[in-house]
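Chain letters run A, B, ... following the sequence lines, proteins first, then strands; residues in each count from 1.
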Amino acid sequence: MKVKRNCCNKWIVPALIASAAFFLIAVSASMADERAGLPAAQPASQPEAQPASASAINSGDTAWLLTSTALVFIMTAPGLALFYGGLVRRKNVLSVLMQCMMIMCLVSLQWVALGYALSFGADAGGKGVIGTLEWAFLKGVGQEAGPYSATVPHLAFMIFQAMFAVITPALIIGAFAERIRFLPFCVFTLLWATLVYDPVAHWVWSTGGWLSILNPNAGAAMDFAGGTVVHINAGMAALACALFLGKRKGYPSKMSPPHNLPFAVIGAGMLWFGWFGFNAGSALAANGLAANAFVVTHVATATAGLTWAIMDRIFNGKPTVLGVITGAVAGLVAITPASGFVDVTGSICIGAGAGVIPWLFVGIIKPRLGYDDSLDAFGVHGIGGIWGALATGLFATPAVQKDFKGLFFGNPAQFVMQVKAVAVTIVWAFVLTYVLLVLVNAVFKLRAGEHEELVGLDLTQHKETAYTVID
Amino acid sequence: MKVKRNCCNKWIVPALIASAAFFLIAVSASMADERAGLPAAQPASQPEAQPASASAINSGDTAWLLTSTALVFIMTAPGLALFYGGLVRRKNVLSVLMQCMMIMCLVSLQWVALGYALSFGADAGGKGVIGTLEWAFLKGVGQEAGPYSATVPHLAFMIFQAMFAVITPALIIGAFAERIRFLPFCVFTLLWATLVYDPVAHWVWSTGGWLSILNPNAGAAMDFAGGTVVHINAGMAALACALFLGKRKGYPSKMSPPHNLPFAVIGAGMLWFGWFGFNAGSALAANGLAANAFVVTHVATATAGLTWAIMDRIFNGKPTVLGVITGAVAGLVAITPASGFVDVTGSICIGAGAGVIPWLFVGIIKPRLGYDDSLDAFGVHGIGGIWGALATGLFATPAVQKDFKGLFFGNPAQFVMQVKAVAVTIVWAFVLTYVLLVLVNAVFKLRAGEHEELVGLDLTQHKETAYTVID
Amino acid sequence: MKVKRNCCNKWIVPALIASAAFFLIAVSASMADERAGLPAAQPASQPEAQPASASAINSGDTAWLLTSTALVFIMTAPGLALFYGGLVRRKNVLSVLMQCMMIMCLVSLQWVALGYALSFGADAGGKGVIGTLEWAFLKGVGQEAGPYSATVPHLAFMIFQAMFAVITPALIIGAFAERIRFLPFCVFTLLWATLVYDPVAHWVWSTGGWLSILNPNAGAAMDFAGGTVVHINAGMAALACALFLGKRKGYPSKMSPPHNLPFAVIGAGMLWFGWFGFNAGSALAANGLAANAFVVTHVATATAGLTWAIMDRIFNGKPTVLGVITGAVAGLVAITPASGFVDVTGSICIGAGAGVIPWLFVGIIKPRLGYDDSLDAFGVHGIGGIWGALATGLFATPAVQKDFKGLFFGNPAQFVMQVKAVAVTIVWAFVLTYVLLVLVNAVFKLRAGEHEELVGLDLTQHKETAYTVID
Amino acid sequence: MKYIIAIIQPDKLEDVLAKLEEKEIHLVTVTSVMGRGRQKGIAEVYRSHKEAGSLLRKVKLEIAVNEAFVQPAIDAILGAARSDNIGDGKIFVLDLPRVIRIRTGEEGTLAIG
Amino acid sequence: MKYIIAIIQPDKLEDVLAKLEEKEIHLVTVTSVMGRGRQKGIAEVYRSHKEAGSLLRKVKLEIAVNEAFVQPAIDAILGAARSDNIGDGKIFVLDLPRVIRIRTGEEGTLAIG
Amino acid sequence: MKYIIAIIQPDKLEDVLAKLEEKEIHLVTVTSVMGRGRQKGIAEVYRSHKEAGSLLRKVKLEIAVNEAFVQPAIDAILGAARSDNIGDGKIFVLDLPRVIRIRTGEEGTLAIG
Ligand SMILES: Nc1ncnc2c1ncn2[C@@H]1O[C@H](COP(=O)(O)OP(=O)(O)O)[C@@H](O)[C@H]1O
Ligand SMILES: Nc1ncnc2c1ncn2[C@@H]1O[C@H](COP(=O)(O)OP(=O)(O)O)[C@@H](O)[C@H]1O
Ligand SMILES: Nc1ncnc2c1ncn2[C@@H]1O[C@H](COP(=O)(O)OP(=O)(O)O)[C@@H](O)[C@H]1O
């Protein structure tokens with residue numbers, strides 16, 4: 001015990017130094033703004049200074065984007081936290097909640113400091129691989145409209161995207177739940193957000209990204225709200241984590257069932273609720289496209305939940321609660337990239353696929369492969385995300401956005417493009433995550449010790465117990 | 001056991017056939033759109049094609065309606081699910097959560113396929129009884145404004161209404177909780193949504209409904225957000241279910257108290273929260289009327305919660321948590337039809353009535369009648385809904401909408417109209433529900449077997465347990 | 001037992017008389033409106049009557065304000081209720097939930113009846129101390145824009161503020177949790193809302209308040225969303241309550257740990273979620289300022305959560321879940337007054353301070369002082385609020401609102417002003433609360449009896465148990 | 001004196017307590033337990049992972065009585081808890097040489113009731 | 001050897017454990033139970049439906065000790081759990097013929113501590 | 001007949017149950033308990049307030065068996081629950097003079113299985 005504490009304590013000094021550096025840079029960034037004169041550096045918040053740009057802010061679109069941001073926030077805290085937390089054992093529930101809360105804190109700061117610049121900043125080098133640091137510490141990201149949002153404040157777009165950057169690494173928790181040490185987890189998460197997430201976001205969503213529909217010179221992968229960037233990315237990382245960390249003690253024969261399924265249901269409800277902001281908010285406006293995204297999100301999710309229940313009924317004898325909520329999440333995952341491109345028919349098909357394909361994977365294939373993806377982060381987000389990204393290339397209909405068509409509407413090239421984007425993301429996310437795991441593990445040892453796993457992460461990592469037994 | 005599984009298995013084949021048919025129809029509906037040419041069939045999502053209609057979309061109204069839709073969503077999942085789930089016994093909590101989630105899936109799909117068309121479609125036959133199937137599978141329901149929403153996308157109105165169609169059957173769960181078999185429940189729910197809910201929604205809210213204020217030729221029952229359509233409808237159905245299914249074993253003397261009251265409080269909080277969307281969203285715009293609906297909703301609820309607590313204090317010695325949240329829900333129910341027509345004074349009166357009348361019913365009358373409405377779905381939604389619908393005819397003031405006056409503002413005819421609408425809904429909902437129950441029961445046997453009830457529905461219907469005891 | 005019931009029963013008659021009076025006044029207020037003719041008294045809800053004022057309503061701003069109101073609602077019910085409820089012992093959780101729900105009911109009605117008029121009404125006497133009763137029972141508060149909200153309905157502004165009036169006394173619960181009797185609590189709360197909260201709100205936020213930035217003749221204390229009005233106010237009241245009521249039996253050595261930390265995490269998540277409405281909604285518009293408030297709120301909270309975790313790590317060996325969520329709440333508290341005035345750099349500094357200063361207070365200083373602030377309402381809201389209010393005077397930057405600068409941007413006068421406002425609020429809240437406690441205690445005895453405390457407040461105050469053990 | 005331990009079905013608890021009351025046996029300690037017996041549990045399924053589900057919810061009663069009350073207690077339990085179905089449970093009777101009432105410090109047959 | 005079972009008020013647990021510690025009795029097993037005794041429970045009310053509420057939360061301690069520690073254990077419990085109010089609980093002392101320590105397989109008085 | 005009480009680590013429960021099954025001991029009652037033993041709990045911290053955290057989650061098994069099954073039961077528990085670490089727990093064996101099966105009213109060695 002002594003030894004371990006000492007070995008951890010050595011990280012406090014660097015952490016404090018890092019914090020100090022963080023503050024200093026933040027302060028100097030802010031000072032720079034001022035020295036440069038406000039109007040230029042932090043483009044004016046005073047309406048009268050820039051009437052044209054100011055009048056461009058649409059209050060309805062802004063209201064919807066801010067609302068959507070709050071909705072995406074609640075997906076992670078406490079939505080995903082509860083969804084995952086309810087499924088683990090009693091002795092580990094706090095560790096999962098803590099991981100979600102800590103990602104919220106850490107990645108939000110990383111995003112403000114670096115992530116937003118790397119992801120959405122002007123392309124560095126013109127290859128569409130990564131953004132410049134011009135917007136680091138939000139320099140120049142102000143109250144007026146920005147390049148991504150003609151009618152809403154740039155800051156609103158930034159914070160909306162921040163919530164995406166937060167939830168993506170949080171999804172990975174499902175893979176290493178119940179057996180990771182906390183400090184290495186923090187380090188891994190920060191690195192992953194910076195080195196894996198930010199580039200993919202840049203590729204697919206930035207004006208200069210090499211896979212972006214906003215980049216006139218790029219092949220345009222369609223990903224309305226994050227099928228590749230969020231779900232395939234997180235899903236592949238999850239697979240890498242599950243493989244690298246190995247199985248939990250006792251897996252698979254001696255695992256307890258979910259310790260609190262109602263928590264998982266609350267979490268799933270909040271995920272579904274928040275996902276309306278995730279997908280419909282991605283329209284960046286309160287318009288018909290947002291309404292369409294809202295509708296297809298709901299329909300695909302309902303279809304997937306129902307389909308999963310039917311699969312359960314056929315193969316396991318009874319439809320289960322865990323099944324319906326897992327199916328619903330798979331449906332949400334799958335419709336995410338498609339939500340701005342498909343109509344109701346497409347969404348029913350995508351939802352049905354999301355109820356069948358991940359089901360088969362989680363129920364039949366995974367047990368044979370034998371790795372331990374504790375809460376099926378890969379099975380649901382990886383497999384579901386791949387299905388969704390490909391299906392977007394099938395079902396995209398010009399009835400929704402007239403310039404975007406999939407294979408079934410006469411545009412096979414788009415499907416090929418989707419395959420390419422999926423393949424690139426799969427390789428990138430898996431390989432880079434694995435390398436990161438090896439590196440972080442070399443310094444810190446990621447996996448909890450046998451005794452820590454036995455006693456539970458709540459007590460050993462956080463000195464807390466979730467519930468009192470006698471009080 | 002064998003026998004029962006076989007007997008259930010026979011339903012899989014028809015279910016699969018039904019699903020296949022569902023997909024085929026959906027696909028052909030979508031193809032039809034295309035054959036007919038997009039601009040006509042699925043009215044254009046391209047702004048430039050229809051400048052007038054496109055410019056009619058108001059982003060603020062749309063933002064509020066989408067937000068409201070999400071709020072009404074959370075009322076069912078997980079709001080109502082938790083409210084009801086916390087009140088049942090430990091062994092049945094998942095069954096209640098499952099019923100809510102399954103209604104969300106099933107009725108959402110029914111709504112998209114048929115329900116919206118039947119409810120809000122052009123009147124079939126001119127009697128104002130039911131809509132045509134023109135809008136089945138959302139054919140012609142697009143991103144532009146629709147007949148019910150001059151300033152918001154038709155799709156947004158459709159999905160907002162979908163959430164109402166979902167929560168209404170979910171309310172009925174309170175009556176048959178802890179003793180219904182799952183598959184028959186699904187069948188009953190689907191039929192009820194189609195045959196009971198959709199017609200009443202058509203009568204009261206569609207442009208052609210025979211009780212609708214939108215129909216210039218009809219007697220105009222005032223129901224701003226669903227007093228008759230949602231609450232009386234569900235409440236009467238609940239009474240029919242309670243009577244038909246009979247009492248739970250051990251009722252009333254040997255019933256356990258709520259297994260998790262904090263869950264019920266979370267659920268009640270979410271219901272109250274979501275109800276702001278339910279009522280204020282029904283203004284279909286972000287305007288003064290929405291603000292008024294928001295305010296009276298809150299005030300009536302606060303009044304009812306307080307009043308119920310005072311009743312508890314007087315008759316049972318202490319104000320109770322279950323009492324305050326039950327009173328709050330009763331207040332929300334009662335103000336629902338009135339929320340677009342009454343001012344703060346009216347809302348205080350309606351709230352006070354909602355704290356007294358359902359209290360007397362649930363606390364004094366019901367125990368004497370002796371039927372087992374497990375969670376008082378009739379007592380709260382039925383009785384509260386009747387009070388609210390009638391009170392709307394009393395307190396409606398021209399200060400809120402100048403064309404709508406109640407008895408106390410010199411318009412006795414309106415009160416008579418309210419009585420008529422209430423009476424019709426009571427009879428319709430009760431009789432039709434009872435007939436449906438008889439039919440479904442003849443084929444499936446609705447009530448869980450004695451052993452199933454004893455062991456609990458979680459294990460027997462879903463093979464799951466909500467909480468681990470030892471892990 | 002007999003005796004006590006009788007002694008309580010004597011309060012029923014006055015309560016009923018009070019209720020009756022309440023209704024009568026409400027009704028007559030409404031009648032007065034009518035007698036006076038609608039257009040004048042309750043300014044017209046008919047658009048055509050007042051084209052200018054009606055057209056001033058902006059649907060986007062209104063959508064955002066209504067959404068924000070719902071968000072602030074959920075902060076109390078069930079957000080704060082769960083946050084506090086999870087931290088107490090099993091036998092007292094319902095009492096905390098009940099207190100939150102009852103405050104929601106009571107203070108909402110008080111607000112509509114009196115509170116809004118006293119707080120935001122035209123100044124009575126010109127000293128900026130308290131408002132007139134002109135707006136009592138919302139007379140003249142209508143669907144059109146009001147003096148505080150040029151682009152949103154006056155009713156929307158009123159109900160937004162109602163949620164602030166509700167949560168403020170609810171925060172105090174943290175100080176007297178687990179040992180207060182319910183009826184005296186209700187009386188105390190009502191008096192506190194009227195005599196302590198309403199005046200401070202008037203001073204700081206009303207057009208005529210003597211500390212208000214809206215009052216051209218006043219020294220202008222900057223408090224964007226409630227640092228003084230809400231947090232210092234509640235925090236000082238909490239200190240007074242903790243001192244007056246004395247320690248819980250067994251404090252500090254024999255206190256059980258939080259009975260359900262996941263509940264506290266859900267609550268914290270909802271607080272964070274709702275606080276976006278609290279702060280960004282205080283812009284009263286969906287614009288760049290709202291976006292800025294949203295962003296700095298999030299960043300300060302993330303910083304504070306992280307900082308608290310680091311403090312825990314350094315001083316207690318492990319970062320804890322309770323620490324992260326406490327830190328997050330402290331960050332939310334501290335950024336509240338500053339959210340409309342500081343940029344991201346400022347918010348990082350304020351958040352870091354909120355992770356350090358309240359931590360030191362709660363972790364080091366409080367245990368030495370020895371009073372029992374059960375859930376650290378003073379430590380988090382009082383200390384955090386003071387830090388935030390002062391920091392606003394340091395970090396306010398003209399880059400956000402050009403007319404508002406703090407010390408670091410060359411305006412030391414503002415910092416002095418902040419100190420003054422803080423000092424006044426501290427004294428006012430502490431002294432008046434203490435006097436109120438003495439008075440209420442003289443009539444009712446506030447503190448639960450030894451036996452009641454032992455058995456728990458759930459059973460003794462509400463005759464209910466939160467969870468079944470055997471069912 | 002005897003220390004009676006009975007394992008019963010949870011839903012019989014109220015009946016058993018009432019029956020014991022009738023026989024003037026007021027003092028009981030009740031625990032929520034899980035039991036594995038002849039009664040087969042229902043297999044649970046979580047994402048296609050099957051749990052044997054061999055443990056079922058039961059309730060354990062502990063009743064310390066003087067000799068004169070042993071048979072009445074057993075009769076009361078048998079009377080109320082028996083449903084003739086597998087899973088009804090067991091009664092175990094142990095010897096109890098010594099009892100102390102904490103409130104008074106009294107010992108023996110005096111203290112037990 | 002003796003097997004001591006004590007039912008106490010939940011809020012006395014910390015005190016009793018501390019007192020036992022003082023007497024060098026470190027090994028204890030604790031269970032959350034519900035008890036019906038002389039102490040009347042508070043009737044609960046749920047939507048006007050009254051529950052007798054006869055069962056109250058209690059804590060059960062189980063302590064296996066060698067003969068020499070029997071009286072010290074009893075004294076410790078009496079000392080810390082007694083409040084002279086109804087509901088304080090009972091101590092039951094059973095004979096314990098055999099004890100095995102799982103870790104070592106040791107038996108008897110050696111294994112008990 | 002004997003009444004065996006065993007306190008084990010929670011994560012050994014499945015193994016112990018399986019081992020008992022092998023020895024044809026199917027009937028068991030399981031309770032979730034907290035234990036204080038040689039194994040030191042981890043101190044908990046709540047807002048800098050430290051809790052000794054001396055109680056750790058354990059599982060209690062109760063198994064009533066005929067004499068012939070006493071040693072097999074003990075062997076099964078020792079076999080599956082032993083990890084040679086502190087905290088493994090104890091087995092207590094009490095005499096059990098009388099057993100009744102509620103379903104049938106049968107008594108004695110017949111009723112126990
Ligand atoms: N020999 C035993 N030892 C411990 N517990 C037992 C024993 N026999 C029965 N039980 C408990 O009684 C419960 C019911 O026993 P079971 O065999 O299912 O019923 P029945 O006695 O009707 O055959 C079991 O789940 C278990 O908890
Ligand atoms: N004879 C008994 N058998 C089983 N449990 C008992 C017995 N007597 C007391 N208890 C337990 O002790 C608790 C306290 O007993 P009670 O009679 O209320 O206190 P006191 O011993 O102070 O009169 C009861 O709730 C019950 O759990
Ligand atoms: N004498 C005893 N009386 C009651 N419970 C005991 C006794 N000895 C051990 N236990 C229970 O067994 C558990 C494990 O005991 P411990 O001393 O930690 O393990 P070991 O037997 O391996 O030294 C304890 O937590 C406690 O619940």
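- Once rounded to the nearest 0.5 Å, the distance linking NZ of E:Lys12 with CG of C:Leu454 reads 7.5 Å.
- Heavy-atom pairs under 4.5 Å with chain E peak, among C:Ile470, C:Asp458, C:Val469, at C:Val469.
- Between E:Val45 and C:Glu464, every side-chain heavy-atom pair lies at or beyond the 4.5 Å cut-off.
- Remark: C:Arg90 CZ to E:Ser32 OG distance equals 7.5 Å, nearest 0.5 Å.
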Mind running side-chain contact (heavy atoms from CB on, under 4.5 Å) on E:Glu44 and C:His462 for me, showing each step along the way? CA-CA 8 Å; E:Glu44 302 171 26; C:His462 310 296; over 6 Å; no
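- Heavy-atom pairs under 4.5 Å with chain C were tallied for E:Asp15, E:Leu13, E:Asn85; the largest tally goes to E:Asp15.
- Residues E:Lys50 and C:Lys463 are not in side-chain contact: their nearest non-hydrogen atoms beyond the backbone lie 4.5 Å or more apart.
- Taken to the nearest 0.5 Å, the OG1 atom of C:Thr465 stands 10.5 Å off from the CG atom of E:Leu55.
- With respect to the salt-bridge test (charged N to carboxylate O, under 4.0 angstrom), the residues E:Asp11 and C:Lys254 do not qualify.
- Heavy atoms from other residues, nucleotides or ligands lying under 6.0 Å from CD of C:Glu450 number 12 at most.
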